[in-house]
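These notes are about the structure you will find just below.
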Amino acid sequence: MSIYEGSVKKPVMTTLVFVAVVILGLFSLNKLPIDLLPNIETNTIMVMTTYQGASASDIETNVTRPLENSLNTVANLKKLKSSSRENRSIITLEFDYGLDINAITDDVRSKLDMVKSYLPEGSTEPIIFKFSADMIPVIMISATADQSLPALYKILDENVANPLARIPGVGSVSISGAPEREIQVFVDPSKLEAYHLTIEGLAQTIRMENLNTPAGTMDIGSETYSLRVQGEFITPSELNKLIVGSFGGKNIYLSDVATVKDALEERTQEVYTNAVQGATIVVQKQSGSNTVKIAEEVQKMLPQIQKNLPSDIHIEPIMDTSDNIRQTISGLVETVMYAFLFVMLVVLAFLGRWRATIIIIITIPISLIAAFIYLGFTGGSLNIISLSSLSVAIGMVVDDAIVVLENITKHIEKGSRPKSAAIHATNEVAVAVIASTLTLLAVFFPLTMVGGAAGVM
């Protein structure tokens, strides 16, 4: 018994199968993340190394070249570019698409482990950046302030970044452009020379004294408590009483040779929104999370966060990638609906039977819903690629349905009973329908051989 013969002779079973498909499809649709593009890992890795105080030529000689010599041996490397500038070395490695970027990252990390002992003392450990579509910010928030500007970073970190980071699906919340507190020590060179002290000695003394030191444990009854000696400075004024040396039998305090100020660090970046100085908060998602849902949760939480901020601090979204996603998805959904409507009118006009038209109207959504099951099990998402594919698939489904229905209609008009007509008419065109579908697949199959970014898309 063929599949179409069994479907006609066992209508209850056929109905239950399609009901199950609809239920599974709707369940999968509810769980599918919505994004602009599928989760595509790029073929680029960046290695950044910082060496404070070094010139561009020193960076190139002492940092960039040793790293280049080691990274040149990474397997499947397509292109390597480096940039040496003051205080920083940046090396970009490009690979062919389709390779396992995680395995490549491990290979790059092992190469760096082999060479980092040859880097100059004072340089930081090389940092590896692996780019992906998930790194695109979900939402960017502007924060402006007036009186609270000196403490803006701390306020945003505690009252904005921390609550937003607790939203399900949020990967990281970063703050840029806000001034950060810095304790500055201005040394008088003449006094330093008079007391036979050095800048390095002062820095070492401050560093060693600003520590909390473990002091063992203490048992009280059945409880054991950990002890520590609190040595970190609580206020800047405590630095003035720090003993930094001795001269002529007397202690030399930091206040004798330097001035301590509680100020803001020197800024290389400033952020203005509508000519008002402030900061920018960037929200990024976790891999595979729903961009639209995260943006909605952030927008919903912002009014409550605003109530807990000082009156002169104002926050507002300045970029929301979910807007573009909504518009794109809405446009594609509208296209699919128009295709659905035009197909219905064309079928009604040419076949002239409402019953046949209704059958095709039912066929299209069930076929689309079945596609959501596949997307759900393969970890896909609703994006411009998957929705465009669904709009193309509508034509394929309708082509096959029209061929079968037209032949069934012809058999009924010749006097056959509907059930017999459905079985025999489908049997007659089954090979032709399968062949036409395989032809369409053959047309698209060469696209799987396209290389580069276009092939991945």
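Remark: side-chain polar atoms of Ser110 are paired, donor with acceptor, to backbone N or O of Asp107 under 3.5 angstrom. Checked by atom type and distance alone, the side chain of Asn30 never pairs as donor or acceptor with a backbone atom of Leu26 at under 3.5 Å. Panel note: side chain Gln306, backbone Ile313; a donor-acceptor pair is recorded below 3.5 Å. In this structure, Thr50 contributes its side chain and Thr124 its backbone to no donor-acceptor pair below 3.5 Å.
Atom CG of residue Leu93 and atom CE of residue Met46 lie 11.0 Å apart, to the nearest 0.5 angstrom. Expressed to the nearest 0.5 Å, how far NZ of Lys293 lies from NZ of Lys285 amounts to 13.5 Å. Going from atom CG of Leu239 over to atom OG1 of Thr205 covers 11.5 Å, rounded to the nearest 0.5 Å. Atom CG in Leu375 sits 5.5 Å away from atom CG in Leu32 (nearest 0.5 Å). Between Ile139 atom CD1 and Thr321 atom OG1 the span is 8.0 Å, to the nearest 0.5 Å. Atom OG in Ser55 sits 10.0 Å away from atom CD in Glu60 (nearest 0.5 Å).
In this structure, the side chains of Pro317 and Gln299 come closer than 4.5 Å at one or more pairs of heavy atoms. Residues Leu254 and Asn240 have side chains not in contact (no heavy-atom distance under 4.5 Å, counting atoms from C-beta outward). By the 4.5 Å heavy-atom criterion applied to side chains, Ile366 and Val22 are counted as neighbours. Under the 4.5 Å side-chain criterion, counting only non-hydrogen atoms from C-beta, Leu382 is in contact with Phe372. The shortest side-chain heavy-atom distance between Leu164 and Met301 falls under the 4.5 Å cut-off. Counting only heavy atoms from C-beta outward, the side chains of Ile220 and Met218 approach each other to under 4.5 Å. Put simply, the side chain of Val257 does not reach to within 4.5 Å of the side chain of Asp188, judged on heavy atoms. Side-chain contact between Ile305 and Ile315: present, with at least one pair of heavy atoms (C-beta onward) separated by less than 4.5 Å.
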Residues 434-443, side-chain donor-acceptor partners within the protein, below 3.5 Å, at least two apart:
unit_1	atom_1	unit_2	atom_2	d
Ser436	OG	Ala432	O	3.4
Ser436	OG	Val433	O	2.7
Thr437	OG1	Asp400	OD2	2.9
Thr437	OG1	Val433	O	3.0
Thr439	OG1	Ala435	O	2.7

If you look only at distance, which donor and acceptor atoms sit under 3.5 Å apart when one is on a side chain in residues 75-85 and the other is two or more places apart or in another chain?
unit_1	atom_1	unit_2	atom_2	d
Ser82	OG	Glu68	OE2	2.5
Ser83	OG	Arg85	NH2	3.2
Ser84	OG	Thr64	OG1	2.7

Determine all donor-acceptor pairs shorter than 3.5 Å in which one atom belongs to a side chain in residues 113-120; sequence neighbours excluded.
unit_1	atom_1	unit_2	atom_2	d
Asp113	OD1	Lys116	NZ	3.4
Lys116	NZ	Glu125	OE2	3.3

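Scored by the side-chain contact (heavy atoms from CB on, under 4.5 Å) test, Met208 finds Gln204 as partners (sequence neighbours excluded). Partners of Ser176 by side-chain contact (heavy atoms from CB on, under 4.5 Å), not counting sequence neighbours, listed by chain and number: Gln269, Thr280. The side-chain contact (heavy atoms from CB on, under 4.5 Å) check on Ile234 picks up Gln230, Glu238, with sequence neighbours excluded. The salt bridge (charged side-chain N to carboxylate O under 4.0 Å, His left out) search around Glu86 returns none, not counting sequence neighbours. When the salt bridge (charged side-chain N to carboxylate O under 4.0 Å, His left out) test is applied to Lys300, the partners found at least two apart in sequence or on another chain are Glu297. Annotation: salt bridge (charged side-chain N to carboxylate O under 4.0 Å, His left out) contacts of Lys31 (sequence neighbours excluded): none. Remark: Asp312 pairs with no residue by the salt bridge (charged side-chain N to carboxylate O under 4.0 Å, His left out) rule, at least two apart or across chains.
Every pair tested for salt bridge (Lys or Arg N to Asp or Glu O under 4.0 Å) that includes a residue from residues 378-397 fails, sequence neighbours excluded, so the list is empty. Residues in residues 141-157 take part in no salt bridge (Lys or Arg N to Asp or Glu O under 4.0 Å) pair, two or more places apart or across chains.
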Report task. Would you sort out whether Ile369 and Leu29 count as a side-chain contact (heavy atoms from CB on, under 4.5 Å), showing the intermediate values? Result -> CA-CA 8 Å; Ile369 288 174; Leu29 177 61; over 6 Å; no
Requested in this report: Decide side-chain contact (heavy atoms from CB on, under 4.5 Å) for Val138 and Val298; before the verdict, give the C-alpha distance in whole Å, the side-chain angles of both, and the deciding distance to 0.1 Å.
Outcome: CA-CA 10 Å; Val138 173; Val298 171; 6.0 Å; no
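Side-chain N/O atoms of Ser237 and Thr235 include a donor and acceptor closer than 3.5 Å.
Scanning all heavy atoms of the two residues, the minimum distance from Glu316 to Asn274 falls at OE2-ND2, 4.3 Å. Gly169 and Ile294 get closest at one heavy-atom pair: O-CD1, 3.3 Å. Across all non-hydrogen atoms, the minimal contact from Glu121 to Tyr51 is O-CE1, 3.9 Å. Here the closest heavy-atom approach between residue Ala279 and residue Ile175 is recorded as CB-CG2, 4.3 Å. Pro126 and Leu112 make their closest contact through CB-CD1, 4.0 Å (heavy atoms, listed as atom of the first residue, atom of the second, distance). Here the shortest heavy-atom pairing between Lys191 and Asp256 reads CD-O, 3.1 Å.
A 6.0 Å sphere centred on CZ of Phe445 holds no more than 12 heavy atoms belonging to other residues, nucleotides or ligands.
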